[in-house]
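Order of listing sets the numbers, starting from 1, for every ligand and every atom in it. In this chain, numbering begins with 1 at the start of the sequence shown. In this text, all values refer to a predicted model and were calculated from it rather than measured experimentally. Computed from heavy atoms alone, side chains included, the values below leave out hydrogens, waters and symmetry copies.
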Amino acid sequence: MELVKQIHGLKGKLAVPADKSISHRSIMFGALAQGTTTIHNFLRAEDCLSTLSAFKELGVEIHDDGTTITVEGVGFHGLQQADKPLFIGNSGTTIRLMMGILAGQRLSATLYGDDSLNRRPMERVMAPLRQMGAYITGAYGKEFPPITIDGNPQLRPLHYEMPIASAQVKSAIIFAALQATGTSTIIEKENSRNHTEEMIKQFGGSIEVDGKTITVTGPQTFTGQTVTVPGDISSASFFLVAAAITPNSEITLQNVGINATRTGILDVLKQMGADFTLENVDEKNQAADITIRTSSLKGTTIGGEIIPRLIDELPVIALLATQATGQTVIFDAEELKVKETNRIDATADELKKMGADITATPDGLIINGPTPLHGAAVSSHQDHRIGMMLQVAALIAQGTSELENPEAVAISYPHFFADVTALTEEK
Ligand code: S3P
């Protein structure tokens with residue numbers, strides 16, 4: 001597909017799509033609660049629809065009237081045996097969180113995904129769940145999907161120091177701990193996104209968080225709620241970077257989620273000198289409008305505690321760095337290698353094709369800038385975030401760019417290319 005180019009800069013307002021992490025969890029909590037949960041602004045993208053259909057297969061009634069989603073909760077003991085293996089598509093969040101949920105159920109289930117998901121590591125979830133008494137195996141005794149879980153309603157609590165910073169692993173353990181009898185403690189390596197913890201409280205459960213230590217006592221019950229999903233800062237990040245690097249731009253991104261465990265991109269934009277402001281800050285829903293303009297940028301260093309707070313934004317941050325003066329070093333980001341694709345290699349390889357000065361390292365990227373980009377034939381590697389990053393790069397590239405497998409963007413942002421076109425039209 002030929003990618004969109006800009007001529008007049010980016011102008012206008014955009015309500016970015018709903019948060020993917022919160023949308024997944026709203027279905028999960030809604031299913032496990034007693035009573036009805038109503039979800040406003042649910043993300044109808046492929047990943048979250050995988051969660052929705054998996055819970056339907058497990059006997060949960062879920063209705064979509066086109067505006068709101070209604071989940072008829074069955075409680076922690078009401079999921080039913082599915083009559084076939086559950087197809088999870090591309091969604092790491094779905095499969096990993098469901099492993100924790102299913103570990104304590106009175107049923108068995110097999111979960112599998114597309115080629116990308118079936119290559120992603122699951123031992124990181126299986127190991128702690130097994131310590132809790134879960135019966136869980138990967139295909140051929142290995143750690144990859146299909147994963148089969150034979151539920152054990154007598155799960156034991158766990159004391160676990162996490163070897164990696166991962167909200168998916170943390171959330172899987174929390175879901176199992178909510179079903180175990182007794183108190184579990186989980187110590188995070190670094191603080192990762194806390195949507196699971198926040199939703200436990202929202203649904204009437206309890207969880208304590210003290211720095212990096214999480215304490216949760218089971219068994220618990222939840223009550224159905226009304227959830228309003230804010231916009232996804234990870235989806236917004238493509239436009240934050242697009243406006244910052246494209247001459248003659250000023251855009252406003254509306255209702256962007258600003259949960260502090262997700263705003264690493266804003267910290268980096270600030271460090272690099274980007275010109276942006278937050279308005280209409282809604283403390284309760286943790287959302288704000290962000291206006292960002294063409295910016296004069298400088299290189300920076302990104303590593304340590306900030307990494308989990310911007311993990312999904314690193315490919316587009318690498319692109320941002322190609323337009324900054326000086327060197328940007330990204331380190332401590334080896335987790336990028338086990339995302340939908342190896343995002344360290346994919347980012348470096350594809351941006352090099354467009355003329356960037358970028359080098360992959362074992363745990364990150366080194367970028368020297370500013371470098372003018374030129375059009376090229378590039379590939380999404382079937383990864384939504386690599387595809388969107390390359391479209392943003394193409395906006396400022398000299399000449400046209402062709403993207404292979406553009407359809408991958410529908411995993412998190414089905415209307416992405418239409419939104420790019422709308423912001424680049426002359427105003
Ligand atoms: C997510 C956690 C992160 C992130 C993913 C969504 C979540 O993954 O990359 O896109 O919703 O919990 P890890 O837990 O593997 O870091």
If you measure from the Lys or Arg side-chain nitrogens to the Asp or Glu carboxylate oxygens, is any gap between [X] and [Y] under 4.0 Å?
| X | Y | answer |
| --- | --- | --- |
| K339 | D383 | no |
| E197 | K201 | no |
| E350 | K353 | yes |

Applying salt bridge (charged side-chain N to carboxylate O under 4.0 Å, His left out), name anything that partners D345, two or more places apart in sequence or on another chain.
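Applying salt bridge (charged side-chain N to carboxylate O under 4.0 Å, His left out) to D345 gives none.
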What do we get for R193 next to ligand 1 when only non-hydrogen atoms under 4.0 Å count, side chain, backbone, both or neither?
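Side chain only.
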Per-atom contacts of ligand 1 with [X], taking only distances under 4.0 Å to non-hydrogen atoms:
| X | value |
| --- | --- |
| K339 | 3 (C), 4 (C), 8 (O), 9 (O), 13 (P), 15 (O), 16 (O) |
| S166 | 13 (P), 14 (O), 15 (O), 16 (O) |
| S21 | 6 (C), 7 (C), 11 (O) |
| I311 | 9 (O) |

Could you check which of K170, R25, R96, H195 puts a non-hydrogen atom nearest to atom 12 (O) of ligand 1?
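Comparing heavy atoms across K170, R25, R96, H195, the nearest one to atom 12 (O) of ligand 1 lies in R25.
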Without hydrogens or angle criteria, can the side chains of N255 and D289 be said to hold a donor-acceptor pair below 3.5 Å?
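N255 vs D289: no donor-acceptor pair found between side chains.
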Kindly indicate, with the supporting measurements, whether the criterion side-chain contact (heavy atoms from CB on, under 4.5 Å) is fulfilled by T361 and F331.
CA-CA 8 Å; T361 67; F331 61 101; 6.0 Å; no
Protein contact of atom 10 (O) of ligand 1 - nearest heavy atom, named by residue and atom, plus distance:
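Of the protein heavy atoms, D312 OD2, 2.7 Å lies nearest.
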May I ask you to identify the nearest protein heavy atom to atom 1 (C) of ligand 1, giving residue, atom name and distance to one decimal place in Å?
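Answer, as residue, atom name and distance: Q168 NE2, 3.6 Å.
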Ligand 1 and V169, any nitrogen or oxygen pair closer than 3.5 angstrom?
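In this structure, V169 places no N or O atom under 3.5 Å from an N or O of ligand 1.
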Once the angle between the rings of F76 and F222 is folded into 0 to 90°, is it parallel (under 30°), tilted (30 to 60°) or perpendicular (over 60°)?
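Taking F222 first and then F76, their aromatic rings sit tilted (interplane angle of 30° to 60°).
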